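Fair warning: this is a prediction, and the values are worked out from it, not measured in the lab.
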Amino acid sequence: MSHQAYRGRLARLYLADPQDPESFELVAGLRSNAVSLDNDLQDATTLDSQGFRELLPDAGVQRLTIEAEGLANDSAAWARLQASAVARQVERARVTFDNGDSFQGDVCIARFVRTGSYNEAETFSLTLESSGPVSFTAGGGTP
């Protein structure tokens with residue numbers, strides 16, 4: 001069985017243009033990221049289940065969490081990320097990966113940290129939490 005590994009350095013965060021929610025602007029390159037898709041399962045076990053648990057398909061709450069750190073694209077991107085975090089805004093976002101995979105949907109910045117040290121670029125770390133449906137598109141290879 002063949003397994004393909006991908007570089008993590010090409011992960012990017014895009015936010016929708018406020019005037020055109022389907023037009024996205026690159027705001028940051030992500031140095032590291034962790035994606036978690038959580039599904040709260042709904043038990044549908046009955047007396048007819050013969051002692052085995054049964055789950056109700058497509059039920060329960062689904063949640064996407066993305067934790068990432070990286071570099072903002074420019075000073076306007078810094079300002080937008082920080083303002084969104086302070087205001088607890090829900091924004092339309094897209095996160096893309098090296099192999100072409102992407103997640104897109106409404107998110108809120110649940111955690112935002114700016115980090116800097118002498119003679120190095122200022123970086124950030126953030127946690128994005130989904131709000132509403134999120135779409136996943138498989139890339140199928142390196143872009």
Side-chain angles (χ1 to χ4, degrees), residues 1-46 49 51-143:
M1 180 172 154
S2 174
H3 179 74
Q4 175 68 44
Y6 297 100
R7 297 178 308 273
R9 69 179 186 216
L10 296 180
R12 292 186 171 93
L13 172 62
Y14 298 84
L15 293 178
D17 178 338
Q19 275 64 48
D20 182 4
E22 293 308 313
S23 173
F24 289 86
E25 301 170 351
L26 175 65
V27 293
L30 305 178
R31 288 182 168 181
S32 68
N33 60 77
V35 177
S36 172
L37 185 61
D38 298 311
N39 295 304
D40 292 335
L41 304 175
Q42 297 299 308
D43 193 329
T45 306
T46 67
S49 299
F52 290 95
R53 179 178 73 163
E54 293 185 33
L55 299 173
L56 189 60
D58 199 30
V61 176
Q62 189 174 58
R63 176 173 102 181
L64 176 72
T65 302
I66 298 176
E67 296 177 6
E69 64 179 59
L71 297 165
N73 206 34
D74 56 28
S75 60
W78 262 121
R80 183 165 181 194
L81 285 169
Q82 189 162 284
S84 181
V86 169
R88 295 183 277 180
Q89 287 179 247
V90 173
E91 300 234 25
R92 191 111 182 113
R94 178 183 296 149
V95 176
T96 63
F97 301 92
D98 185 36
N99 68 342
D101 288 354
S102 68
F103 286 97
Q104 181 174 313
D106 291 343
V107 299
C108 187
I109 298 175
R111 183 172 185 265
F112 183 76
V113 178
R114 291 176 66 162
T115 307
S117 61
Y118 174 74
N119 210 21
E120 290 186 15
E122 186 174 22
T123 62
F124 69 86
S125 62
L126 57 71
T127 302
L128 300 173
E129 294 283 350
S130 63
S131 175
V134 174
S135 65
F136 170 74
T137 304
T142 303

Quiz item: Quick one: are F103 and V35 in side-chain contact, heavy atoms under 4.5 Å?
Solution: yes
Exercise. Examine distances only and state if a side-chain atom of D101 and a backbone atom of G139 form a donor-acceptor pair shorter than 3.5 Å.
Key: yes
Quiz prompt | Rounded distance [0.5 Å steps], CD1 in I66 versus OG1 in T127 | solution = 10.0 Å
Quiz item: Which heavy atom in F24 sits nearest to a heavy atom in A93, and how many Å separate them?
Solution: CE2-C, 3.7 Å
Self-check item: Residue list, side chain to side chain donor-acceptor pair (under 3.5 Å) with E69, at least two apart or on another chain
Solution: none
Quiz prompt | Residues in ring pair (Phe, Tyr, Trp, His ring centres under 6.0 Å) contact with Y14, at least two apart in sequence or another chain | solution = none
Self-check item: Results of side chain to side chain donor-acceptor pair (under 3.5 Å) for T45 - residues two or more places apart only
Solution: D43
Practice problem: Mind checking the CG-CG spacing from L56 to L41? Nearest 0.5 Å is all I need. | Solution: 10.0 Å
Exercise. Please lay out, stage by stage, how V61 and D38 fare under the test side chain to side chain contact (heavy atoms under 4.5 Å, CB included).
Key: CA-CA 8 Å; V61 176; D38 298 311; over 6 Å; no
Exercise. For E122, enumerate each residue passing the salt bridge (Lys or Arg N to Asp or Glu O under 4.0 Å) test, keeping only those at least two apart in sequence or located in another chain.
Key: R114
Quiz prompt | Under the side-chain contact (heavy atoms from CB on, under 4.5 Å) test, residues paired with A85 that sit two or more places apart | solution = I109, F112
Quiz item: So do E25 and R94 actually touch side chain to side chain, heavy atoms under 4.5 Å?
Solution: no
Quiz item: Are side-chain heavy atoms of L128 and L13 found at a separation under 4.5 Å?
Solution: yes
Exercise. Write down the atom of A11, the atom of F97, and the distance for their closest heavy-atom approach.
Key: CB-CD2, 4.1 Å
Quiz prompt | D40, CG: over 12 other non-hydrogen atoms inside 6.0 angstrom | solution = yes
Quiz item: Which residues pass the side chain to side chain donor-acceptor pair (under 3.5 Å) test with S135, sequence neighbours left out?
Solution: none
Quiz prompt | Atom of L26, atom of N73 and distance for their closest heavy-atom approach | solution = O-ND2, 3.4 Å
Quiz item: Sequence neighbours excluded, which residues qualify as side-chain contact (heavy atoms from CB on, under 4.5 Å) partners of T46?
Solution: D48, S49
Quiz item: Any side-chain heavy atom of T137 sitting closer than 4.5 Å to one from Q104?
Solution: no
Practice problem: List for me each residue that meets side-chain contact (heavy atoms from CB on, under 4.5 Å) alongside A121, sequence neighbours excluded, and say none if there are none. | Solution: L71
Quiz item: Considering residues at least two apart in sequence or located in another chain, which fulfil the side chain to side chain donor-acceptor pair (under 3.5 Å) criterion with D74?
Solution: none
Exercise. Indicate whether the side chain of E129 and that of T65 have a donor and an acceptor atom separated by less than 3.5 Å.
Key: yes
Practice problem: To the nearest 0.5 angstrom, please state how far the CZ atom of R12 sits from the CG atom of D98. | Solution: 9.0 Å
Practice problem: Sequence neighbours left out, what pairs pass salt bridge (charged side-chain N to carboxylate O under 4.0 Å, His left out) with at least one residue falling in residues 82-91? | Solution: R80-E91
Practice problem: Work out which heavy atom in A72 is nearest to a heavy atom in A77; give both atom names and the distance. | Solution: CB-CB, 4.3 Å
Quiz prompt | CD-OG distance between E67 and S36, expressed to the nearest 0.5 angstrom | solution = 8.0 Å
Exercise. Would you please name every residue forming a side-chain contact (heavy atoms from CB on, under 4.5 Å) with S130, sequence neighbours left out?
Key: R63, L64, V134
Quiz item: Hey, what do you get for SG (C108) to CG (L126), rounding to the nearest 0.5 Å?
Solution: 11.0 Å
